[in-house]
Amino acid sequence: MHGLNPKQWEACSYTEGPLLILAGAGSGKTRVITHRIAYLIEEKDVNPYNILAITFTNKAAGEMRERVDKLVGMGAESIWVSTFHSMCVRILRRFADRIGADNHFTIYDADDQKTVVKEALKAAELDPKSYPEREMIKVISNAKEQFMDPDEYEKSAAFGFREKNIAKVYREYEKRMRKNKAFDFDDLILKTIVLFQTAPDVLEYYQERFRYIMVDEYQDTNHSQFLLISLLAKKYRNLCVVGDDDQSIYKFRGANIYNILNFEDTYPDAHVVRLEQNYRSTQRILDAANAVIKNNENRKAKRLWTENGEGDKLEFMSYDSEYDEADGITDIIQQELLAGKNYSDMAVLYRTNMQSRVIEEKMVMRGIPYVLVGGTGFYDRKEIRDIVAYLKVMDNPADDIALRRIINVPRRGIGDTTVDRLQDIAIAEGISMLDAAVSEDYTAKLGRSGGKVLEFGRMVDELRRTEGVTELFDALMEKTGYKLSLESENTDEAKTRLDNLDELRNKIVDYEEGSEMPSLTELLEEIALVSGSDDSEDDQDKVTLMTLHSAKGLEFPVVVMAGMEEGLFPSGISLDSDDPDAVEEERRLCYVGITRAMQKLYMTSAMYRMIRGSREPRQVSSFIEEIPSELIINHSAGRGFSRRSADDSLFYGDSFGGNSSGFGAGSGARSFGRGGSGNGSSGFGRGAGSGSFGSGNGSSGFGRGAGSGSFGSGNGSGRNRNAQSAASVYAPVKRGLSGGFTPSYGVGDTVKHIKFGKGTVKALEQQGTDWEVTVQFDSVGEKHMFASLAKLKKV
DNA sequence: GAACCCATCATTTTT
DNA sequence: TGATGGGTTC
């Protein structure tokens with residue numbers, strides 16, 4: 001047991017009773033948890049069998065499993081390391097019958113839920129337009145989280161007409177879930193709690209088993225997860241929760257930050273350990289993060305620090321449009337690449353998925369390799385869902401939702417009317433649709449298509465007898481005609497689908513080889529619980545593009561936070577909300593973003609952005625203003641685009657001008673022609689030396705003047721002076737990205753860019769501490785870029 | 001059953 | 001703007 005700092009050690013060795021570990025970003029949290037487990041076993045003689053470690057994602061569980069195995073060795077396999085949901089599945093597979101359910105159940109994902117809601121709406125004779133599926137799912141989920149069945153939901157408040165109807169939908173929804181022997185994700189937690197409440201012996205069994213419980217990412221737990229943990233920990237009270245209230249960013253999906261904030265109220269004897277030493281980022285990055293997050297009211301005081309050194313300043317750039325922003329981002333990436341970074345060292349983070357489109361376009365144009373995290377996962381693809389639906393029917397013939405999906409896929413002439421009638425019969429007889437489909441008595445009632453239904457039912461019945469999961473998959477592809485129908489399409493799209501199905505087959509083979517007792521049930525469970533996106537097969541050299549949310553838990557040497565605009569980040573919805581916590585949650589998200597960066601952090605924004613089809617002026621995110629100016633270089637200072645400045649007329653609007661239109665403002669730009677302390681192209685050593693920019697003041701004078709909070713209090717003329725002095729302050733710094741940069745070329749000069757080759761300087765305009773230079777390149781046409789980033793060399 | 005048109009509606013996402 | 005879903009038409 002070595003290599004832990006005193007706080008980490010304290011967290012590891014405090015083993016009895018409730019313990020709250022407030023683990024700041026990058027504070028070595030996973031290390032603490034794994035070491036703590038090892039300590040329990042080795043020093044406290046705890047039987048590994050009595051330890052439970054719960055995480056949120058399968059990825060986290062996998063990583064923890066691996067690290068625990070490495071650290072503990074013998075006996076490690078009997079430690080339960082699992083997600084909330086897979087833990088509950090495991091318990092329910094064994095005991096669900098104790099609450100009147102079937103131990104053999106199917107798990108419904110969001111898509112299945114939607115289908116069930118659709119059917120429920122139809123059954124309740126409600127118009128999906130006035131009762132949108134999305135909302136229904138949310139209401140049902142909330143109700144379940146609050147432990148309310150449809151009756152309780154209906155009774156629970158001064159509900160009106162609408163709520164009564166929603167209760168009806170909820171009731172119909174539940175009816176179908178039961179009939180299909182299905183649980184949704186909320187059910188997995190909920191039913192386990194119900195089980196514990198109705199079968200005290202089962203609860204006792206698990207309490208005895210899990211004498212030491214650890215919960216990771218505790219700030220993400222919702223109410224029912226809290227209850228579940230409380231029940232399990234009630235007897236021995238050895239509950240260790242680890243989390244960071246400042247990183248609670250999942251309220252929208254039920255996370256309750258008060259679980260962690262009030263932990264000490266729930267457990268008054270709780271011991272609290274704060275892990276504030278950060279091993280990831282530079283001090284400047286942490287200072288920025290601290291400065292932003294301290295604006296939140298609702299939090300436990302914390303302050304991150306590091307021994308990593310001061311590091312470079314953050315950089316903020318404002319661009320004219322989202323296209324220019326994307327261009328700027330690719331510039332940043334290329335410059336960092338030249339500075340010695342790999343593509344895979346860099347990530348671009350944004351608030352909304354929609355922002356990725358433009359960035360992707362520019363990345364493609366510039367030939368920058370990237371991976372987009374999120375988006376449609378493997379298991380969301382139509383062909384995969386189709387085949388999985390077949391597998392689900394094989395596994396659980398009561399699953400009418402799955403059956404409906406595939407009864408006419410590929411086309412076998414069974415239309416909607418027939419399917420509806422089949423369903424009516426099944427409901428009337430209290431049997432499954434498949435049962436009805438294999439009985440001539442029933443199919444005879446279906447008229448002309450009855451024969452086809454019967455044929456389908458018999459085919460499914462026969463397939464069900466196939467031994468082995470891979471064999472079943474193969475038989476399925478052939479006998480259902482799915483493969484044939486794709487093959488005969490003979491299009492590129494169909495080929496891709498076939499490839500994807502091959503991929504699915506590979507996964508199945510992998511599964512069968514890796515599992516001790518492979519079964520279709522377990523395979524489907526894995527598919528439902530492990531959302532395909534987690535297999536990061538590529539350790540290739542690519543820039544990562546993802547939302548701020550998906551970045552949680554990750555780290556990158558270079559991070560670009562894009563779209564730092566009020567209304568986008570923080571989101572408009574949060575700004576409009578009357579709940580003050582809404583903006584605080586956005587701020588936490590900002591904190592998460594900042595703390596992903598190890599060495600360099602860039603923030604970008606656009607002055608105009610296409611929002612729902614119309615071009616709208618934007619203002620810079622208030623989060624930028626929360627970062628002290630001595631920590632961040634503002635490459636667009638002095639441009640006064642804050643509408644909130646005392647004088648609205650300072651709104652410079654378009655000065656960046658699209659492509660050609662010269663940059664307005666004229667300003668004595670050129671006069672600075674040269675100077676150029678050896679910055680040329682050379683330079684860019686590694687990060688190291690950093691410390692050099694002491695004297696934070698240099699860049700001041702930009703950014704929010706005094707209290708006003710607005711950028712660039714329009715002192716147009718003063719700018720040059722500022723820049724010059726800034727330049728001299730920073731002159732000795734080798735890294736080109738620091739503040740105050742003086743180009744060593746002027747308009748009309750021929751310059752050389754490392755990537756774009758030769759070109760002629762068309763325009764040069766000062767932008768805060770930096771210069772925007774427009775170059776007509778011989779090969780790639782006109783580009784504009786920040787001089788400090790572009791690394792142009794006069795030839 | 002496919003092709004088309006119009007209306008509508010747009011955070012964040014894991015299990 | 002652009003994706004999506006429902007409804008209509010052939």
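A note on names: the letters A, B, ... follow the listed sequences, proteins ahead of strands, and every chain is numbered from 1. All values below were derived from every heavy atom in this structure, side-chain atoms included, with hydrogens, water molecules and symmetry-related copies excluded.
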Visitor: If you measure from the P atom in dT4(C) to the same atom in dT13(B), how many Å do you get, rounded?
Guide: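 To the nearest whole Å, 16 Å.
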
Visitor: We want to know whether Thr30(A) and Glu63(A) form a side-chain donor-acceptor pair, criterion being a heavy-atom distance below 3.5 angstrom.
Guide: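 Distance-only check fails for Thr30(A) and Glu63(A).
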
Visitor: To the nearest angstrom, how far is Arg357(A) atom CZ from dT1(C) atom C1'?
Guide: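 Distance, rounded to whole Å: 7 Å.
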
Visitor: In dot-bracket form, how is DNA chain C paired, counting a Watson-Crick or G-U wobble pair only if both its distances are under 3.5 Å and using | for bases paired to another strand?
Guide: ||||||||||

Visitor: Between dG1(B) and Arg411(A), is there an OP1 or OP2 to side-chain N/O distance shorter than 4.0 Å?
Guide: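 Result: yes.
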
Visitor: What is the distance, rounded to the nearest whole Å, between atom CD1 of Ile137(A) and atom P of dT15(B)?
Guide: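 Result: 18 Å.
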
Visitor: Pick the C1' atom in dG5(C) and in dT12(B), then give their distance to the nearest Å.
Guide: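 Taking atom C1' in both dG5(C) and dT12(B), they lie 23 Å apart.
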
Visitor: OP1 or OP2 of dT15(B) versus the side-chain N and O atoms of Asn58(A): is any pair under 4.0 Å?
Guide: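 Asn58(A) to dT15(B) OP1/OP2: side-chain N or O found under 4.0 Å.
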
Visitor: I'd like to know if the side chain of Arg587(A) pairs up with that of Asn296(A) as donor and acceptor (distance under 3.5 Å, no hydrogens or angles considered).
Guide: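 Yes, a side-chain donor-acceptor pair sits under 3.5 Å.
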
Visitor: A quick test of your reading: do over 12 heavy atoms of other residues, nucleotides or ligands sit less than 6.0 Å from OH of Tyr511(A)?
Guide: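 Correct, the count exceeds 12.
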
Visitor: Using the purine O4'-C1'-N9-C4 or pyrimidine O4'-C1'-N1-C2 torsion, is dT12(B) syn (within 90° of 0) or anti?
Guide: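 Anti, since the glycosidic angle lies more than 90° from 0.
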
Visitor: Could you tell me how far apart Asp416(A) (CG) and dG7(C) (P) are, to the nearest whole angstrom?
Guide: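 From Asp416(A) CG to dG7(C) P: 12 Å.
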
Visitor: Grab the CG-C1' distance between Asp380(A) and dT13(B) for me, whole Å please.
Guide: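 Between C1' of dT13(B) and CG of Asp380(A): 11 Å.
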
Visitor: If you measure only the distance, is there a donor-acceptor pair under 3.5 Å linking the side chains of Tyr108(A) and Asp399(A)?
Guide: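 Yes, Asp399(A) and Tyr108(A) have a side-chain donor paired with an acceptor closer than 3.5 Å.
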
Visitor: For Glu616(A) and dT1(C), what is the distance between atoms CD and C1' respectively, to the nearest whole Å?
Guide: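 Taking CD of Glu616(A) and C1' of dT1(C), I get 12 Å after rounding.
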
Visitor: Dump the intermediate steps for side chain to side chain contact (heavy atoms under 4.5 Å, CB included) on Val620(A) and Glu566(A), then the final yes or no.
Guide: CA-CA 6 Å; Val620(A) 172; Glu566(A) 204 71 357; over 6 Å; no

Visitor: How long is the line joining CG of Asn222(A) and P of dT15(B), in whole Å?
Guide: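 Rounded to the whole Å, the gap is 14 Å.
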
Visitor: Supply the atom-to-atom distance Ile611(A) CD1 to Glu565(A) CD, rounded to the nearest 0.5 angstrom.
Guide: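 Between Ile611(A) CD1 and Glu565(A) CD, I get 7.0 Å after rounding to 0.5 Å.
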
Visitor: Determine whether the side chains of Asn165(A) and Tyr131(A) contain a donor N or O and an acceptor N or O closer than 3.5 Å.
Guide: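 Yes, because at least one side-chain N or O of Asn165(A) sits under 3.5 Å from a partner of the opposite role on Tyr131(A).
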
Visitor: How long is the line joining CG of Asp109(A) and C1' of dT13(B), in whole Å?
Guide: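 So the CG-C1' distance, Asp109(A) to dT13(B), works out to 13 Å.
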
Visitor: Using the 3.5 Å cut-off, write out each protein N or O paired with an N or O of nucleotides 4-12 of chain B and the distance between them.
Guide:
from, atom 1, to, atom 2, distance (Å)
dT12(B), OP1, Asn353(A), N, 3.1
dT12(B), O4', Arg351(A), NH2, 3.0
dT12(B), N1, Arg351(A), NH2, 3.4
dT12(B), O2, Arg351(A), NH2, 2.4

Visitor: What is the separation between atom CZ on Phe185(A) and atom C1' on dT15(B), rounded to the nearest whole Å?
Guide: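 After rounding, the gap between these two atoms is 4 Å.
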
Visitor: What is the minimum heavy-atom distance between Ser248(A) and Asp220(A), and which atoms define it?
Guide: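 Looks like CA-OD1, 4.4 Å.
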
Visitor: I need the minimum non-hydrogen distance between Leu575(A) and Gly567(A), along with the two atoms involved.
Guide: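 That would be CD1-N, 3.6 Å.
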
